[in-house]
**Student:** 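Pasting a structure here, questions to come.
Atoms considered below: every heavy atom in the structure, side chains included; atoms not considered: hydrogens, waters and symmetry mates. Just so it is clear, the model here is predicted, and its values are computed rather than measured.
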Amino acid sequence: MKKEAKKLHSLYEEVYTKGKETHFLKYSGGKMLSDAHQKTLDWLKSKQLSISKALDFGCGEADFLGHLPAGTDCTGIDFSEVALNNAKKRYPHIHLIHGDTTELDAFHGQMDAVFSFGVLEHTPDPLDTFGRLMRCLSDEGMLFISCPSFLNVRGVIWMTLLLLWDVPMSLSDKHYLTPRTFRKWAKLSGADMIEAFSTEQAVAQGERFREDMQKRLTNALRDANMDHSRVEACISWFEENLADYPTNSYSGAEMTYIFHKKIAPIQ
């Protein structure tokens, strides 16, 4: 497990050295925030929620924390020194910590809001990480988690490859989490999942489907020493028929889940 952690650390050091927009499609075009980040900010604004203390686990360059309302006491944790050094230059007011899940223990019961975008699918024990994040919340605190969604055309392709031939979407993705997974975990943690929504519809089964799948499918099959000569034919068939697949609040490429420590939905 330590070997896998070192590989993931090296990957993210490289990503943030080159620039996150060169690795992640969701940041292409110079975007500082992903669609999941922006929709979460919009959700918070729509609910007119006041956040005094916020924690982002896996904060990267802390751009999300940097877009929270002025006056919010923000803390970010990440294991990439490069990302944190970049964040310090841009957001000197944010408290930044280099570390892993063990750093969460110092924040038990302190946070009004805890965020973790695109992290749990990479961790050795995502249920343990989920529990640690929940324990950071104050009595009225909320937890926001995002991870890839596979309840879409892209997901059908990837889960078939994974479950039949052990071909993952990427070598760093270890878990394929769904709304059912998080409802179960919330119940185990004495919490309530009050909302879930997806973003990146264009990547999952829209105009950016080809761009995403061309690179991912070719690389994944090549890494698995499998024939990738028919990737183009596969993409073309799905691309031609994308418009006839249903779309809904779960069909985007990334899901965001919102949890409340107390079993009481927000009106």
Side-chain angles (χ1 to χ4, degrees), residues 1-2 4-9 11-13 16 34 36-37 40 44 49 51-68 72-88 91 93-148 172-175 177 181-194 196 254-263:
M1 201 62 70
K2 289 183 178 179
E4 290 184 356
K6 286 182 179 179
K7 285 184 178 179
L8 189 61
H9 176 262
L11 169 65
Y12 278 91
E13 292 292 76
Y16 287 110
S34 69
H37 285 146
T40 299
L44 288 168
L49 297 175
I51 298 175
S52 297
K53 299 185 70 174
L55 171 67
D56 189 356
F57 179 67
C59 66
E61 294 176 325
D63 288 319
F64 176 78
L65 289 174
H67 282 76
L68 289 178
T72 306
D73 182 0
C74 295
T75 299
I77 301 173
D78 204 275
F79 73 168
S80 169
E81 296 96 326
V82 175
L84 293 177
N85 286 335
N86 293 342
K88 288 175 185 176
Y91 308 109
H93 64 288
I94 295 177
H95 179 47
L96 299 169
I97 300 171
H98 177 243
D100 56 21
T101 55
T102 59
E103 302 294 338
L104 295 169
D105 297 343
F107 298 96
H108 283 190
Q110 298 182 25
M111 295 294 163
D112 300 315
V114 174
F115 306 91
S116 189
F117 296 92
V119 174
L120 262 67
E121 66 270 21
H122 304 301
T123 60
D125 187 344
L127 176 55
D128 176 72
T129 302
F130 180 85
R132 288 172 183 260
L133 293 169
M134 285 295 307
R135 288 192 289 275
C136 292
L137 297 178
S138 63
D139 286 344
E140 298 295 331
M142 288 183 296
L143 172 62
F144 300 76
I145 287 176
S146 85
C147 61
S172 62
D173 285 19
K174 303 300 179 185
H175 309 281
L177 310 173
T181 304
F182 283 106
R183 288 192 192 97
K184 179 172 67 175
W185 289 359
K187 187 175 181 179
L188 289 172
S189 302
D192 188 21
M193 190 172 86
I194 61 173
E254 186 167 7
M255 285 291 301
T256 300
Y257 304 92
I258 306 174
F259 305 88
H260 202 284
K261 194 172 181 181
K262 290 185 178 297
I263 312 296

**Student:** Side chains of Glu140 and His260: does their closest heavy-atom pair fall under 4.5 Å?
**Tutor:**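 Result yes, sub-4.5 Å side-chain heavy-atom pair found.
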
**Student:** Could you go through the side chain to side chain contact (heavy atoms under 4.5 Å, CB included) check for Leu133 and Leu120 one step at a time?
**Tutor:** CA-CA 11 Å; Leu133 293 169; Leu120 262 67; 4.0 Å; yes

**Student:** Between Leu143 and Phe130, is any pair of side-chain heavy atoms under 4.5 Å apart?
**Tutor:**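 Yes - at least one pair of side-chain heavy atoms lies under 4.5 Å apart.
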
**Student:** Nearest heavy-atom pair of Ser138 and Lys261: which atoms, and what distance?
**Tutor:**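 So the minimum-distance heavy-atom pair works out to O-CD, 3.3 Å.
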
**Student:** Is any side-chain heavy atom of Leu137 closer than 4.5 Å to one of Phe259?
**Tutor:**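 SC-SC contact between Phe259 and Leu137 ruled out.
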
**Student:** Once rounded to the nearest 0.5 Å, what's the spacing between atom CG of Leu188 and atom CZ of Arg183?
**Tutor:**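 Separation between the atoms: 14.0 Å.
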
**Student:** Would you call Tyr91 and Cys74 a side-chain contact if the rule is heavy atoms closer than 4.5 Å?
**Tutor:**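 They are not in side-chain contact.
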
**Student:** Calculate, to the nearest 0.5 Å, the distance between atoms CG and CZ belonging to Leu127 and Arg132 respectively.
**Tutor:**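 Reported value, rounded in 0.5 Å steps: 11.5 Å.
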
**Student:** Only one of Ile77, Asp78, Ile94, Val119 forms a side chain to side chain contact (heavy atoms under 4.5 Å, CB included) with Cys59, so which one is it?
**Tutor:**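 Among Ile77, Asp78, Ile94, Val119, the one meeting side chain to side chain contact (heavy atoms under 4.5 Å, CB included) with Cys59 is Asp78.
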
**Student:** So Met142 and Asp112, do their side chains get closer than 4.5 Å, heavy atoms only?
**Tutor:**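 They are not in side-chain contact.
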
**Student:** With a 4.5 Å heavy-atom cut-off, do Thr129 and Phe57 have their side chains touching?
**Tutor:**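 Yes, close enough: below the 4.5 Å cut-off.
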
**Student:** Taking the side chain as everything from C-beta on, heavy atoms only, tell me whether Ile145 gets closer than 4.5 Å to Trp185.
**Tutor:**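 Heavy-atom side-chain distance check fails, nothing below 4.5 Å.
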
**Student:** Does some side-chain heavy atom of Tyr257 sit less than 4.5 Å from a side-chain heavy atom of Cys147?
**Tutor:**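 Yes, side chains in contact.
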
**Student:** Can you tell me how far apart CD (Gln110) and OG1 (Thr75) are? Round to the nearest 0.5 Å.
**Tutor:**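 Spacing of CD (Gln110) from OG1 (Thr75) equals 8.5 Å.
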
**Student:** CE/Met193 to OG1/Thr181 distance, rounded to the nearest 0.5 angstrom?
**Tutor:**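 So the CE of Met193 and the OG1 of Thr181 are separated by 10.0 Å.
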
**Student:** What's the separation between atom NZ in Lys174 and atom CG in Asp125, rounded to the nearest 0.5 Å?
**Tutor:**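 Lys174 atom NZ to Asp125 atom CG measures 14.5 Å (nearest 0.5 Å).
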
**Student:** How long is the span from the NZ atom in Lys53 to the OG1 atom in Thr72, to the nearest 0.5 Å?
**Tutor:**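 One finds 12.0 Å between NZ of Lys53 and OG1 of Thr72.
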
